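Written out below as structure tokens is the structure these notes cover.
Source: prediction; values computed, not measured.
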Amino acid sequence: MRVHVPLAALVVALSAPLAAPAQTDSALRPALDPITTRTGRPDESLVRLRLDPDLADALRGRRSAADLVRNYQISRIGQDALAESEAVDDEQMRSEGWNQFSFWFGMGSAGGAFAETALEFGGLSNTNAAMTNLGLLMLGWQLTLDLSRGDNMAAGQNAWRGMIGYTLGRFGTSALQIANVGMFLIDQSLQAVGTTAWAEREANWRDGYRRYYTETEAAQTAAQARERYILTPTLEERVAAINARTSGGRTLNDWRMLLWHYYREARNPGGFRALLEREVTAYVARFWDDEFMESYLPDGLAAGSSLTDAIRARIEAEHRRELTLRLARDVLPDIAARAWILDMQAQAATLTAETRDELNARRQVVVTAFGLDAPTQVSMPRPGGGAWQATLQPGQTRVLELTNLALMRAGFPDTLRLAGPDGPQEASFSLVGQERAVVVFGQPQSPNVLGMAVTEGPQSCVRTRRQTAHPETPPTTEPMEQRAARAPWVLHMSGMDPASGSGLMGQYTANQGWTEASMVSLTEGQDESSPTTRMSEPFVDGLSQMQCRIDMSALQSSAAMAEYITSVGASLPMLCTFTRSATSLQDGVETRETCQSQAEMHWQTVLVRIDGDERFVNLAEYLAEQMGDDAGAITQGLQGLIEMPQNPGGSQ
């Protein structure tokens with residue numbers, strides 16, 4: 001999207017007045033102060049944005065608000081941000097906004113690379129829009145404040161005004177409107193003043209007029225310097241006192257308070273300008289009605305003796321031009337700066353409302369490592385410096401949750417490092433355009449593999465949603481469709497590793513290895529006969545958990561069991577409850593779909609290795625071949641074990 005505004009000669013205008021913006025520090029300081037929790041942690045979140053305390057001090061009169069705003073100017077957008085076709089590219093504005101966002105939040109990445117990555121980062125549409133607006137708003141402010149101080153070049157005025165006019169149209173900020181009024185007054189006051197010689201009679205009236213305002217304004221300034229208050233008057237009380245004085249001059253401080261009051265009362269910039277013009281018109285005319293007017297006139301010049309309407313109009317017009325120029329340069333920049341502070345407070349509240357949920361939404365990096373036999377450290381190096389660290393347990397998956405804010409502060413990390421006895425292993429991941437990544441270290445290895453024949457029934461599913469930006473909010477659950485039973489299939493499993501207490505489950509292809517694998521661990525449940533097997537991501541066929549028990553219903557007596565055992569390789573079925581899970585993240589919402597089905601499994605095949613070659617063979621045939629002459633002895637031993645008396649607890 002391109003925004004077309006009248007920007008002829010804007011390059012010229014930008015090159016001179018903004019080449020060296022006024023600053024008190026060597027580096028620009030942030031105007032907004034982000035209040036966050038758990039700073040530097042992967043779960044750091046935004047509480048709110050507030051105006052920088054130094055700017056808040058300006059509201060209490062500790063410093064000149066106009067000077068403070070000058071010190072908070074952002075870097076100007078250079079010539080590369082301007083197209084020769086007199087168009088401003090929205091992407092450039094967005095990039096500038098992100099640069100300032102990066103600066104304010106102390107993020108490790110900045111400049112074009114940061115903006116580009118941030119724009120590609122999914123789930124931040126509100127933040128992107130807010131930063132676009134912020135970059136444009138701050139540019140408009142820089143131009144406006146310079147113009148309101150009279151720092152303009154004739155060649156660039158129209159271009160600057162076009163830029164500010166567009167900014168006003170987009171945001172409608174009252175502060176920019178007031179600054180625009182200041183530019184209007186500068187235009188009015190810089191109009192050519194008549195150069196004809198003053199007639200002697202008119203010059204006398206002019207001298208008395210000017211003496212009246214000069215002396216009474218000086219007296220009012222001295223009186224204000226001597227004022228002492230037990231209770232400081234409110235703005236309304238000060239304005240009432242100013243309006244009560246219907247004769248004599250006003251100080252710049254009087255005008256400042258009066259116009260600030262009018263700014264707060266006016267409903268629109270037109271209303272403010274009308275109030276201002278009314279005040280100026282009344283002020284330049286008060287001399288003629290003052291009962292002490294004659295004391296300022298030369299001897300022999302009496303009120304009405306030689307005053308004509310033409311003389312009065314010329315004298316008032318001259319004063320009006322001088323006064324409006326003075327107000328535009330010495331008062332309105334301060335009014336605009338105060339309005340800027342209020343606008344920035346409102347902008348901070350708007351930015352908080354628009355971006356907090358997105359910035360506090362969490363992304364997930366799921367970490368799995370095959371072959372661990374002890375707790376191992378995994379770390380995420382941050383491009384901005386340092387690293388986040390966690391511990392990975394053998395046979396388990398670790399889900400790292402990171403807020404968008406923390407990721408951006410860290411400079412968008414994209415690497416995980418796993419410590420190991422032979423040195424660290426590194427793996428890259430990508431969260432650009434998605435909100436969940438699975439990182440796997442190592443290759444699954446197993447000494448034995450068994451094939452299970454699986455027959456399943458239909459699946460019953462539910463969907464659970466969780467707001468990651470508000471983890472304290474309870475999740476919502478809703479039923480989903482019933483899914484049909486899948487065709488019979490084979491699930492491969494390896495035995496449990498005594499060292500890690502974990503095994504493998506998935507799909508194994510002879511001579512190729514595990515094409516899909518998930519680590520599994522056994523968890524004792526309330527029912528000792530049906531322990532729960534939990535899988536780690538990446539899940540195979542979505543299986544995240546299964547709870548199985550051996551179907552003993554066919555063995556009602558020890559004789560039936562003995563007959564079963566003597567049939568070498570026979571298999572009792574396992575009755576299982578399968579749980580499948582699928583998790584996705586989008587726009588700060590974690591959606592987990594969970595489906596359950598009833599299944600029956602039988603031991604079917606076993607992997608054998610002969611001279612480096614692998615193949616699956618029938619389990620019953622393999623056991624019969626391996627047992628051979630020892631089958632009778634094994635059977636007698638098992639028969640004796642079965643006929644042992646039962647323990648009181650029912651276990652053997």
Side-chain angles (χ1 to χ4, degrees), residues 178 181-182 184-186 188-191 193-194 198-227 233 235-266 270-332 334-335:
I178 298 306
V181 171
F184 168 79
L185 292 180
I186 288 176
Q188 298 299 307
S189 60
L190 291 181
Q191 291 177 0
V193 180
W198 295 90
E200 180 180 358
R201 182 176 56 180
E202 186 170 340
N204 288 335
W205 278 107
R206 180 175 177 270
D207 291 344
Y209 178 94
R210 295 179 71 88
R211 181 184 167 200
Y212 168 84
Y213 283 99
T214 301
E215 293 184 4
T216 56
E217 181 180 317
Q220 183 62 25
T221 300
Q224 288 179 358
R226 296 191 299 269
E227 288 178 341
L235 176 64
E236 288 71 20
E237 291 170 338
R238 287 180 180 270
V239 169
I242 293 170
N243 287 330
R245 298 194 307 266
T246 57
S247 63
R250 283 178 182 162
T251 67
L252 281 179
N253 196 45
D254 289 337
W255 282 107
R256 188 172 290 112
M257 287 187 288
L258 188 64
L259 296 188
W260 180 240
H261 172 72
Y262 284 157
Y263 161 74
R264 295 172 61 182
E265 294 294 321
F272 176 78
R273 183 185 298 178
L275 290 171
L276 176 58
E277 291 177 345
R278 185 194 69 186
E279 282 295 327
V280 170
T281 299
Y283 180 72
V284 299
R286 64 170 47 179
F287 167 75
W288 316 110
D289 298 324
D290 194 306
E291 58 180 315
F292 299 106
M293 176 190 69
E294 292 187 8
S295 62
Y296 295 91
L297 298 175
D299 293 340
L301 189 63
S305 61
S306 58
L307 179 65
T308 66
D309 289 342
I311 291 175
R312 173 171 173 167
R314 284 194 293 270
I315 292 174
E316 287 184 2
E318 181 189 37
H319 189 196
R320 185 181 294 107
R321 281 191 293 268
E322 292 176 353
L323 179 59
T324 52
L325 181 60
R326 191 180 182 194
L327 293 178
R329 288 183 171 171
D330 298 334
V331 175
L332 280 178
D334 188 68
I335 301 300

Would you say the side chain of Tyr262 lies within less than 4.5 Å of the side chain of Leu276, judging by non-hydrogen atoms? no
As an exercise, state the distance from CZ of Phe287 to CZ of Arg210, rounded to the nearest 0.5 Å. 12.5 Å
Partners passing side-chain contact (heavy atoms from CB on, under 4.5 Å) against Ala223 (at least two apart in sequence or in another chain): Arg226
Cut-off 3.5 Å, no hydrogens considered: what does the side-chain donor-acceptor table look like for residues 237-245, sequence neighbours left out?
unit_1	atom_1	unit_2	atom_2	d
Glu237	OE1	Thr234	N	2.9
Asn243	ND2	Val239	O	3.4
Arg245	NH2	Asp254	OD2	2.8

Would you mind reporting whether Leu297 and Asn204 have side-chain heavy atoms less than 4.5 Å apart? no
dist Ile315:CD1 -> Arg206:CZ (nearest 0.5 Å) comes out at 8.0 Å
Among all residues two or more places apart in sequence or in another chain, which pass the salt bridge (charged side-chain N to carboxylate O under 4.0 Å, His left out) test with Arg278? none
Looking at Asp330, is its backbone amide N or carbonyl O close enough to the side chain of Arg256 to form a donor-acceptor pair, meaning the two atoms are under 3.5 Å apart? yes
Rounded to the nearest 0.5 Å, the OG1 atom of Thr281 sits from the CZ atom of Arg320 at a distance of 4.5 Å
Is it true that Arg312 and Glu316 make a salt bridge, defined as a side-chain N closer than 4.0 Å to a carboxylate O? yes
side-chain contact (heavy atoms from CB on, under 4.5 Å) for Trp255 and Leu323? Distances and angles first, verdict last. CA-CA 11 Å; Trp255 282 107; Leu323 179 59; 3.8 Å; yes
Show the numbers, then the answer: is there a side-chain contact (heavy atoms from CB on, under 4.5 Å) between Val280 and Leu327? CA-CA 10 Å; Val280 170; Leu327 293 178; 4.0 Å; yes
Would you give the length of the straight line joining atom OG1 of Thr324 to atom CZ of Arg326, rounded to the nearest 0.5 angstrom? 12.0 Å
Spatial distance of atom OG1 (Thr221) from atom CG (Leu252) [nearest 0.5 Å]: 8.0 Å
Shortest non-hydrogen pair, Thr251 vs Glu217, comes out as CG2-O, 4.0 Å
Is the side chain of Tyr283 donor-acceptor paired with the backbone N or O of Arg250 at a distance under 3.5 Å, no angle test? yes
Heavy-atom closest pair, residues Met257 and Leu235: O-CD1, 3.7 Å
With a 4.5 Å heavy-atom cut-off, do Glu279 and Leu275 have their side chains touching? no
Without hydrogens or angle criteria, can the side chains of Tyr209 and His319 be said to hold a donor-acceptor pair below 3.5 Å? yes
Side-chain donor/acceptor of Tyr212 to backbone N/O of Gly248, under 3.5 Å: yes
